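Working notes, beginning with the structure itself.
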Amino acid sequence: MTDVVVVGSGIAGLTAALHAAERGCRVTVVTKGALPDTNTRWAQGGIAAVTTADDTLESHIADTLTAGVGLNDAEAVRTLVTEGPDRIAELVRRGVCFDRSPDGDFARGLEAAHARPRVLHAGGDATGAAIQTALGAAVRSSGIVLREHTALRELVLERGRVVGIDVETEATAHRLSADAVILATGGAGQLYSHTTNPSSATGDGIAAALRAGAAVADLEFVQFHPTALAAGEPFLVSEAVRGDGAILIDDTGRRFAFDAHPDGELAPRDVVARANARAMAAQDGRPVRLDATALGADRLAQRFPTIDAAVRARGLDWSREPIPVTPAAHYLMGGVVTDLDGRTTIPGLYAVGETARTGVHGANRLASNSLLEGAVFGARAGAAAATDTGWPDVDAPTAIALPDVPAPVEVPVFSRGALQDLLWEHAGLIRDDAGLRRAAGVLAAWADLPRPRSAEDAGLLLLARHVVAAALARTGSVGAHFRSDEVSASPAAAASVPVAQEALAC
Ligand SMILES: Cc1cc2nc3c(=O)[nH]c(=O)nc-3n(C[C@H](O)[C@H](O)[C@H](O)COP(=O)(O)OP(=O)(O)OC[C@H]3O[C@@H](n4cnc5c(N)ncnc54)[C@H](O)[C@@H]3O)c2cc1C
């Protein structure tokens, strides 16, 4: 019997686990926290798929390629979109109650940069939680072994093949052997001092794959959301709040978004995010404020119940006063290079979901395509892990070497916060050669001074070096990667995802 170890319990990992188990594998899911401690459970807006006759696969494919500025892998995009409807049917079978319209069809939201309404949601703005609950229940009743509070530390290789993982719990460290290991450890929002991601998003799987020698790509493409609450635990404030009339102001009360774009707060997402970043830089990093007071308490509570509750839980009354918000790292388009079945460049190792770089997102992710990616490629990887007998060559873009940059004269003391601040400042929304070189120098100096640091911090440091290297290597702006020092903005740089006024675009 094939032994499959899946690392991570979000949509990608749980889908992969279920598909491998249904094909007769002995499956273990290892996850760092409790089962629902994932990015998946926080997804608000929904999952994109073509589910009605008035929509077409070609339209969804075209929207995905446009958002990715054509840097996507066209075959991966076609696979994502074509297999999406089957994965939606599977989620329904597993118990996800997507919201329905009065006629019984799926209620479909129109989101940013989608030509048609095709975003399914559950519980209004609680789609991720509904998916997490259903898949978690399916795994718990399937005979799959679940090891919570167990963290991947290292991939184990023998003769160039992954044969297991080293894991750590609070009490012990031990080794799990496997015929196949599926990395589904999510993204790495914790690289940045502001993020919408929970604390578990430290890029552990990508770092472990890097240490094992797997190819990575597209790490310069980090999507930033314009408005995360800058009070307490990170929380995303949907673009729809601005669509409803909320405005952005700086410390002096000045409305600044029109300096950046004639559409002001309703300009494309990345334009607003950069406008916020510039305004914050001009006020010593203090958050800008989102003024939603004109909407009134009733409207805010009815239209945005989840956000309303989160804002009020932080002791803020946004019907009376502007709330602090910041742009925040939201989604990592790059990751471990895979083929269409999740195979990486190391035999025995698969990667899925936000950890993987399948090529579906290119330079920027289309809203609501990431849950879909987890479902589609999770299923494919689970099936492949169960049936693979050989290991085909997996194509990878040319590797980007870490730059050989001297350390600056003054190197700050390493800490998680110092690393996050460094990346926020120099490898965040607005990048240039000098800043990226400074970041590369500091990161190299930190790496050269081996100090006791947590496994997560060591992984973040390694990943940060590769993010900065990739951002240095791409000298022009494209998609989510903005270089303020390029000679002239390429046409691709202008392509960005516009705000959908009626959508919870996530
Ligand atoms: C606030 C927010 C809103 C979003 N809204 C949407 C949306 O509406 N639509 C959409 O499509 N996408 C949305 N996204 C993005 C989407 O939620 C994620 O990209 C997606 O859920 C990632 O799924 P995943 O299975 O790859 O990873 P995750 O769901 O993040 O799961 C990763 C798992 O790996 C585990 N893990 C991490 N490190 C280790 C380790 N060392 N050892 C063991 N386990 C480990 C974690 O604990 C977790 O269980 C949103 C993201 C956020 C943060």
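Worth saying up front: this structure is predicted, and the values here are computed from it rather than measured. By convention here, the first residue in the shown sequence is residue 1. Whatever order the structure lists ligands and atoms in, that order sets their numbers, starting from 1.
Residue-to-ligand polar distances keep G187 apart from ligand 1: every N/O pair is separated by 3.5 Å or more. Backbone and side-chain nitrogen or oxygen atoms of G45 are examined, and one is located within less than 3.5 angstrom of a nitrogen or oxygen of ligand 1. Looking at ligand 1, you'll find an N or O of G46 within less than 3.5 Å of one of its N or O atoms. Considering backbone and side-chain atoms alike, T355 places every N or O at 3.5 Å or more from each N or O of ligand 1. Considering backbone and side-chain N/O atoms, S200 never comes within less than 3.5 Å of an N/O atom of ligand 1. Considering backbone and side-chain atoms together, L371 places an N or O closer than 3.5 Å to an N or O of ligand 1.
Under the 6.0 Å cut-off for aromatic ring centres, F106 and H121 do not qualify, their centroids lying 6.0 Å or more apart. Between Y192 and F224, the distance from one ring center to the other falls under 6.0 angstrom.
Remark: distances from the non-hydrogen atoms of V7 to ligand 1 include one below 4.0 Å. Within the structure, the closest approach of S368 to ligand 1 falls below 4.0 Å when heavy atoms are considered. R147 does not count as a contact of ligand 1, since none of its heavy atoms falls under 4.0 Å from the ligand. T150 counts as a contact of ligand 1, since one of its heavy atoms falls under 4.0 Å from the ligand. Taking a 4.0 Å cut-off on heavy atoms, Q132 fails to register as neighbouring ligand 1. Close to ligand 1: A151, with a non-hydrogen atom less than 4.0 angstrom away. Residue contact check for ligand 1: A184 places a non-hydrogen atom closer than 4.0 Å to it.
Under 4.0 angstrom from ligand 1, the non-hydrogen atoms of Y331 all belong to its side chain. Contacts with ligand 1 closer than 4.0 Å are made by heavy atoms of both the backbone and the side chain of T196. Heavy atoms of K32 found under 4.0 angstrom from ligand 1 belong to the backbone as well as the side chain. Contacts with ligand 1 closer than 4.0 Å are made by side-chain heavy atoms of H330 only, the backbone lying farther away.
At a threshold of 4.5 Å between non-hydrogen side-chain atoms, the residues I323 and L229 count as touching.
With R118 as the partner, the side-chain hydrogen bond (donor to acceptor under 3.5 Å, both in side chains) test is satisfied by one option alone out of D63, T52, T56, T51: D63.
A tilted orientation is assigned to the rings of H60 and H114, their planes being inclined by 30° to 60°.
Each of the atoms 26 (O) of ligand 1 lies under 4.0 Å from some heavy atom of G353. Residue-ligand proximity, E354 to ligand 1, at heavy-atom distances under 4.0 Å covers atoms 18 (C), 19 (O), 22 (C), 26 (O). Near T31, with a cut-off below 4.0 Å to any heavy atom, the atoms of ligand 1 are 35 (C), 43 (C), 44 (N), 47 (O), 49 (O). Below 4.0 Å from some heavy atom of D37 lie the following atoms of ligand 1, by number and element: 46 (C), 47 (O), 48 (C), 49 (O). Counting atoms of ligand 1 from 1 in the listed order, those under 4.0 Å from a heavy atom of A12 are 25 (O), 26 (O). Ligand 1 places these atoms under 4.0 Å from at least one heavy atom of D204: 38 (N), 39 (C), 40 (C), 41 (N). Within the listing of ligand 1, atoms 53 (C) sit less than 4.0 angstrom from a heavy atom of N197. When each atom of ligand 1 is checked for a heavy atom of R365 under 4.0 Å away, the hits are 10 (C), 11 (O), 12 (N), 13 (C).
Once rounded to the nearest 0.5 Å, the distance linking OG1 of T64 with CZ of R78 reads 11.0 Å. In this structure, the separation between OG1 on T355 and CZ on F377 is 14.5 Å, given to the nearest 0.5 Å. The distance from atom OG1 of T2 to atom CG of D388, rounded to the nearest 0.5 Å, is 9.5 Å. For the atom pair CG (L183) and CG (L155), the distance works out to 5.5 Å, reported to the nearest 0.5 Å.
With sequence neighbours left out, E456 forms a salt bridge (Lys or Arg N to Asp or Glu O under 4.0 Å) with K32, R416.
A donor-acceptor pair shorter than 3.5 Å can be found between the side chains of E90 and H19. For H174 and E168, the side-chain atoms include no donor-acceptor pair closer than 3.5 Å. Q190 and T195 form no side-chain donor-acceptor contact under 3.5 Å, judged by distance and modelled atom types alone.
Stacking of R343 on the aromatic ring of Y350 is not recorded, the 6.0 Å distance cut-off and the 45° axial limit not both being met.
Within the structure, salt bridge (Lys or Arg N to Asp or Glu O under 4.0 Å) contacts touching residues 39-48 (residues at least two apart or in different chains) do not occur.
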